There are 2 protein chains.
Amino acid sequence: MPATSKNKAAALPKRRETAASRVYETLRDEISGGRFRVGDRLTEGALAEEMTVSRTPVREALRRLESEGFVTISPHAGALVKGWSAQDARDVFETRAIIEAAAAGRAARNATASDVQALDDLARRMEAAAGGPLQDVAGYSEMNRDFHARILHLSGNRRIEGIALNLMDLGFLVRSYRLFGQEDVDRSLSDHRQLVTAIRDGEADWAAAVMRAHILAAARIFKGTHDVPEPTGQSPLKKESDKENIT
Amino acid sequence: MPATSKNKAAALPKRRETAASRVYETLRDEISGGRFRVGDRLTEGALAEEMTVSRTPVREALRRLESEGFVTISPHAGALVKGWSAQDARDVFETRAIIEAAAAGRAARNATASDVQALDDLARRMEAAAGGPLQDVAGYSEMNRDFHARILHLSGNRRIEGIALNLMDLGFLVRSYRLFGQEDVDRSLSDHRQLVTAIRDGEADWAAAVMRAHILAAARIFKGTHDVPEPTGQSPLKKESDKENIT
DNA sequence: AACCTACATATCGTATACAATAACGCAAGA
DNA sequence: TCTTGCGTTATTGTATACGATATGTAGGTT
């Protein structure tokens with residue numbers, strides 16, 4: 001329905017954000033949150049009506065989601081929610097291991113005392129939060145992201161930082177912490193402690209090796225419990241799952 | 001003026017592309033080609049009129065260019081041609097060195113005999129083309145891109161492949177081969193030979209090391225002759241200075 | 001003279017209207 | 001029953017109209 005710009009009081013006018021960015025964030029969270037099935041069609045008109053905006057900002061949001069790998073868009077066919085194969089997950093973790101290991105090594109050379117202090121504080125807070133059986137998964141995940149982001153920033157290479165952050169924020173990874181058992185969390189925390197120490201002492205090679213192991217360990221957990229959301233089922237209609245895997 | 005889709009006979013009537021993609025490609029080539037100066041304002045309306053389309057496809061093209069790092073867009077201020085500082089260039093080369101070295105190592109493990117054959121053919125063709133003083137810079141550059149792209153593909157990691165290709169295709173790097181002297185070309189070709197050999201023999205570590213050296217050497221050449229100052233922030237009074245930026 | 005305010009203008013963000021295309025179904029024939 | 005062709009329809013691509021916002025300027029006040 002034509003929302004005549006009068007409905008600003010309707011939803012969330014708090015921020016001075018644009019409608020396009022709001023639609024983008026909403027859709028991104030919803031896709032990550034599992035509202036849609038892989039292969040689902042995202043129709044501009046339907047989404048526009050649902051969010052009480054016009055097709056223009058929806059369209060913009062979809063294009064952005066495509067560039068970040070959440071949906072695929074075909075010239076006249078529209079947007080489909082993109083699926084993740086086991087191979088995709090493996091590739092992402094492997095790439096993260098490579099890039100973040102290098103970043104950790106650089107961070108070990110660049111970090112100042114206060115940088116190390118901040119990292120250490122964060123690591124301790126994570127340990128405190130994980131005292132019990134990890135209740136606040138979202139909060140822990142957020143702290144973990146922050147920990148990695150700080151190290152990436154300390155690498156001094158903004159390109160590395162941006163690429164690695166993108167990889168970290170991919171939808172199918174965001175919620176993977178639910179898969180962590182107690183011992184996994186313990187090992188992860190131990191890795192973090194080692195990273196802080198290695199960075200504090202300027203031991204670049206050690207920092208890189210720890211980071212690599214840290215990420216590959218997470219990959220193993222993810223892989224073990226998350227084997228193949230293959231396109232097998234998923235066909236409410238006929239054959240929609242043409243699979244984007246190039247191979 | 002409503003261009004009633006009849007003017008397709010103007011330039012490229014062959015393809016059935018969308019207007020947005022045409023605008024995107026045109027703008028990308030023009031930015032890479034140096035038509036604009038760093039910091040130039042790209043106004044939607046002006047570009048739309050120039051290309052005889054509406055603002056909508058222009059807008060879409062600009063957003064895409066932003067996501068690929070060619071322009072920066074501020075919420076209500078519009079798009080500016082993005083500049084590359086020496087630090088940016090350094091970051092890109094360093095990141096390429098890290099990622100492509102890893103890719104070369106994986107390629108050494110995955111490559112089949114025919115893969116190696118294809119690489120070797122390409123390397124030989126490049127040597128032949130560089131017999132003289134490198135006349136066809138564009139052609140040579142294209143072959144070089146293909147060489148690297150093949151190795152990236154052989155890594156078996158599509159994520160690595162995509163990231164590295166993006167880094168390779170950044171505007172300010174595309175034409176950097178003009179900076180290569182004869183000895184630089186010779187060393188580059190020698191690197192390629194070594195890469196082919198290392199991959200053929202499955203020597204992952206050697207392949208990775210050669211690739212790393214290969215890219216960092218290129219970085220050094222680029223850096224030496226291309227030391228540019230910062231994009232000077234965005235001076236608000238900065239006026240349009242289009243046309244004529246050869247370099 | 002400096003500063004603040006109000007207005008004018010240019011450009012972006014969004015809504016809506018229209019055109020083009022591809023998916024879908026239905027019917028007709030073999 | 002299967003195939004094939006055409007027409008309908010839903011959805012995307014593009015154009016245009018309108019509203020919102022930032023910037024720049026002129027004029028008035030202190």
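Protein chains get the first letters and strands the later ones, always in sequence-line order, with residue 1 at the start of each. For clarity, every value in this text was computed on a predicted model and none was experimentally measured.
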Which residues pass the side chain to side chain contact (heavy atoms under 4.5 Å, CB included) test with B:Ala111, sequence neighbours left out?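 B:Asp115, B:Val116, B:Leu154, B:Ile199.
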Sort me out a list of protein N/O and nucleotides 8-11 of chain D N/O pairs below 3.5 Å, or just none if empty.
unit_1	atom_1	unit_2	atom_2	d
D:dT11	O3'	A:Arg41	NH2	3.3

Please check the phosphate of C:dA15 (OP1 and OP2 only) for any side-chain N or O of A:Ser54 closer than 4.0 Å.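 A:Ser54 to C:dA15 OP1/OP2: side-chain N or O found under 4.0 Å.
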Under 4.0 Å between a side-chain N or O of B:Thr56 and OP1 or OP2 of D:dT14?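 No, outside the criterion.
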Who pairs with A:Phe147 by ring pair (Phe, Tyr, Trp, His ring centres under 6.0 Å), at least two apart in sequence or on another chain?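 So A:Phe147 forms a ring pair (Phe, Tyr, Trp, His ring centres under 6.0 Å) with A:His192.
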Please report, rounded to the nearest Å, how far the [atom2] atom of [N] is from the [atom1] atom of [X].
| X | N | atom1 | atom2 | result |
| --- | --- | --- | --- | --- |
| A:Glu60 | C:dA15 | CD | P | 11 Å |
| B:Arg55 | C:dA15 | CZ | P | 14 Å |
| B:Glu49 | D:dA15 | CD | P | 13 Å |
| A:Met51 | C:dG13 | CE | C1' | 17 Å |

Any chance you could lay out the salt bridge (charged side-chain N to carboxylate O under 4.0 Å, His left out) test for A:Arg59 and B:Glu60, step after step, and finish with the verdict? CA-CA 9 Å; A:Arg59 190 178 170 77; B:Glu60 197 166 307; 3.3 Å; yes
Going from CD1 on A:Ile221 to CG on A:Leu216, what distance comes out if it is rounded to the nearest 0.5 angstrom?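 Here the interatomic distance stands at 11.5 Å.
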Out of D:dA15, D:dT12, C:dT14, which has the shortest distance to the side chain of A:Arg59?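 Closest nucleotide among those given: D:dT12.
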By the 4.0 Å heavy-atom rule, please label A:Leu42 as base, sugar-phosphate, or nothing.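 Result for A:Leu42 = sugar-phosphate.
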Verdict with reasoning, B:Arg145 to B:Asp169, per salt bridge (charged side-chain N to carboxylate O under 4.0 Å, His left out): CA-CA 9 Å; B:Arg145 185 190 182 281; B:Asp169 290 336; 2.8 Å; yes
Apply salt bridge (charged side-chain N to carboxylate O under 4.0 Å, His left out) to A:Arg150 and A:Asp146, showing your working. CA-CA 6 Å; A:Arg150 280 175 184 276; A:Asp146 193 25; 3.7 Å; yes
